[in-house]
Amino acid sequence: MKKGDIFEGIVRKIEFPNKGIVEIEGQKIVVKNSLPGQKIQGVVTKKRNGKCEGRLLKVLEHSEKEKPGEACVHSGLCGGCLYQGLPYEEQLKIKEEQVKELLAQVTEPGTYDFEEIEGSPISRGYRNKMEFSFGDETKGGPLALGMHKRGSFYDIVTTPECQIVHRDFCRILEATREFFEEMGTPFYRKLQHVGYLRHLLVRRAVKTGEILAVLVTTTQTDCFGGAEGEKRALESWKERILQLPLEGKTAGILHTCNDSLADVVQSDRTEILYGSDYFYEELLGLRFKISPFSFFQTNSLGAEVLYEKVRSYIGDTKDKVVFDLYSGTGTIAQILAPVAKQVVGVEIVEEAVEAARENARLNGLDNCQFLAGDVLKVVDELKEKPDLIVLDPPRDGIHPKALGKIIDFGVERMVYVSCKPTSLTRDLVVLQERGYRVEKVCCVDMFPATGNCEVVALLTRWGGEEENTEE
């Protein structure tokens, strides 16, 4: 096989997160976004050092386990979901097997309890947040609002039938797209840095049904004839959203300005057009105030499963000090706080720390302390010594120097919550070398239809490092 060759074959397996494996004449080819059992056609895109990569051209035959008729109508075009059309039970089996294989590379299978994967309570309409992008599907085509086209940085696919969000998301999306298409409002072009429309952010609480709709634009108001014209347009858009027959309740409609050159959803300035700039969600009997850009698990019902697992792994916290490192908006800290002596959360995002403090007050918890800063630096300043530690780092895992400092606390138990299993396996190598062993592992699927999965690992200190030092 050489670059440019067309091939056909059966996908034997899929490695984390989306690497389908095809074998042609003894050559292993990695083809992203293909599923086990599919017969596919692909083209070789890269061959180097004996490794071969290909691009999926078409699915010639579906696998026996697929149900393509149940897949989202946007499946294959939208880059958001990998497992559309695959029964949820099969998705769970694949994810569990992928994590087992990854852990087997750095641990000894059979020396710890690998628990059965926990699925999301609902596998459709589970997301409480979506960031939709404005653009066009084809150059010069009509205004699109939705997700990036698979494999494309520029093309956008309008997704009014998205299956992983509540129907209210789709109603707001379609109303917004139609409104600005009628007005002829230009979207922001990333290369030329011109245009107005950037993103539509929608958040909807599963428990309370409260909704925030946020229009993210540049400050380029020429298309409206200036600021006054923009103000009238935003007022009309707001009224269009308020007239929608939504099942939930609109808590706030906002306009955010973002002139960053990067394709990120952020706020330079946010104006409230209607209601407030926050809403409330409930988890495990606690209430959380959520703002447009604050971090919160995107699957509220799945988060309850995840945090129950964390709580069971951390065990007895009575009269103990717990460190919640990379604490986000303090959800885990507040779930542990009622039965702990003290919980200290550390988070680098200041807005998230402020939200955590406010939520602790909201829930009447006075034994939570939240500190803003990089874990790498803040752990040096902490005077309290922890009895237990919960780690919930970002996707890239823990900075090596920070991990060393965390290990130096010498706690008996740590719970590591990972949203990227490959980062967990990398960090486990160091943790095991420094005297910790894996006791339990459980996958919790927070992202049905996608290739992502959360993993919770319980680590206990067994003193191996000290014994080696004495020798």
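For the numbers below, each heavy atom of this structure counts, side chains included, while hydrogens, waters and symmetry mates do not.
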Where do Arg311 and Leu336 land on the side chain to side chain contact (heavy atoms under 4.5 Å, CB included) test, with the steps shown first? CA-CA 7 Å; Arg311 189 156 61 182; Leu336 298 176; 4.2 Å; yes
Specify whether Phe169 and Phe132 have parallel, tilted or perpendicular ring planes, treating 30° as the upper limit for parallel and 60° as the lower limit for perpendicular.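 If you compare the ring of Phe169 with that of Phe132, the planes turn out perpendicular.
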Quick one: [atom1] on [X] to [atom2] on [Y], what's the gap to the nearest 0.5 Å?
X: Lys58; Y: Ser34; atom1: NZ; atom2: OG; answer: 15.5 Å
X: Asp392; Y: Glu347; atom1: CG; atom2: CD; answer: 9.5 Å
X: Thr158; Y: Leu173; atom1: OG1; atom2: CG; answer: 6.5 Å
X: Arg198; Y: Lys190; atom1: CZ; atom2: NZ; answer: 8.5 Å
X: Ile40; Y: His62; atom1: CD1; atom2: NE2; answer: 12.5 Å
X: Glu354; Y: Phe370; atom1: CD; atom2: CZ; answer: 11.5 Å

Are the side chain of [X] and the backbone of [Y] linked by a donor-acceptor contact shorter than 3.5 Å?
X: Lys32; Y: Leu56; value: no
X: Arg55; Y: Thr45; value: no
X: Gln41; Y: Leu60; value: no

Kindly indicate, with the supporting measurements, whether the criterion side-chain hydrogen bond (donor to acceptor under 3.5 Å, both in side chains) is fulfilled by Asn128 and Ser300. CA-CA 7 Å; Asn128 57 38; Ser300 298; 2.8 Å; yes
side-chain hydrogen bond (donor to acceptor under 3.5 Å, both in side chains) between Asn363 and Gln334, intermediate numbers included: CA-CA 8 Å; Asn363 290 304; Gln334 292 173 68; 3.2 Å; yes
Answer yes if the side chains of [X] and [Y] hold a donor-acceptor pair under 3.5 Å, and no otherwise.
X: Gln38; Y: Glu66; answer: yes
X: Ser291; Y: Asp277; answer: no
X: Tyr188; Y: His193; answer: yes
X: Tyr88; Y: Asp445; answer: yes
X: Ser123; Y: Ser120; answer: no
X: His255; Y: Thr217; answer: yes

So, Lys377 and Asp374, do they make that salt bridge, N to O below 4.0 Å?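 Judged by the 4.0 Å cut-off on N to carboxylate O distance, Lys377 and Asp374 do not form a salt bridge.
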Could you check whether Lys93 pairs with Glu96 (Lys NZ or Arg NE/NH1/NH2 to Asp/Glu carboxylate O, under 4.0 Å)?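 No, no charged N to carboxylate O under 4.0 Å.
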I would like to know whether Thr329 and Ser294 meet side-chain hydrogen bond (donor to acceptor under 3.5 Å, both in side chains); could you show each step before the answer? CA-CA 7 Å; Thr329 51; Ser294 63; over 6 Å; no
Side-chain contact, heavy-atom cut-off 4.5 Å: [X] with [Y]?
X: Leu306; Y: Met446; value: yes
X: Gln84; Y: His74; value: no
X: Tyr416; Y: Val390; value: no
X: Glu53; Y: Val44; value: no
X: His399; Y: Lys405; value: no
X: Val265; Y: Asn258; value: no
X: Lys129; Y: Val165; value: no
X: Val455; Y: Val441; value: yes

Which of these, Glu282, Glu358, Glu210, sits in a salt bridge (charged side-chain N to carboxylate O under 4.0 Å, His left out) with Lys289?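 Per the salt bridge (charged side-chain N to carboxylate O under 4.0 Å, His left out) rule, the option paired with Lys289 is Glu358, out of Glu282, Glu358, Glu210.
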Can you check side chain to side chain contact (heavy atoms under 4.5 Å, CB included) on Leu143 and Asp136, steps first, answer last? CA-CA 5 Å; Leu143 182 67; Asp136 52 14; over 6 Å; no
Which atom names give the shortest non-hydrogen contact between [X] and [Y], and what distance separates them?
X: Pro292; Y: Leu254; value: CG-CD1, 3.3 Å
X: Thr208; Y: Glu281; value: N-OE1, 3.8 Å
X: Cys442; Y: Glu118; value: SG-CG, 3.7 Å
X: Ile172; Y: Ala213; value: CG2-CB, 4.4 Å

Mind running salt bridge (charged side-chain N to carboxylate O under 4.0 Å, His left out) on Glu101 and Lys13 for me, showing each step along the way? CA-CA 12 Å; Glu101 289 186 5; Lys13 61 182 290 190; 3.1 Å; yes
Please say whether the positively charged group of Arg287, taken as NZ for Lys or CZ for Arg, lies over the ring of Tyr280, i.e. under 6.0 angstrom from the six-membered ring centre and within 45 degrees of the axis.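 Yes; both conditions hold, so Arg287 lies above the ring face of Tyr280.
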Of Ile314, Leu431, Leu458, Leu325, which meets side chain to side chain contact (heavy atoms under 4.5 Å, CB included) against Met414?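 Filter result, single survivor: Leu431.
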Give a yes or no on whether the ring-centroid distance for Tyr196 and Phe134 is below 6.0 angstrom.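 No, the ring centres sit 6.0 Å or more apart.
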Phe293 and Phe295 aromatic centres sub-6.0 Å: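 Centroid separation for Phe293 and Phe295: 6.0 Å or greater.
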Given the rule in the side chain to side chain contact (heavy atoms under 4.5 Å, CB included) test, do Asp324 and Val344 qualify, once you have shown the distances and angles that lead to the verdict? CA-CA 6 Å; Asp324 179 12; Val344 179; over 6 Å; no
Flag yes if more than 12 heavy atoms outside [X] fall under 6.0 Å of its [atom1] atom; otherwise flag no.
X: Lys19; atom1: NZ; answer: no
X: Arg48; atom1: CZ; answer: no
X: Glu350; atom1: CD; answer: no

Show your working on side chain to side chain contact (heavy atoms under 4.5 Å, CB included) between Lys309 and Glu454 and close with a plain yes or no. CA-CA 11 Å; Lys309 181 60 64 176; Glu454 296 267 344; over 6 Å; no
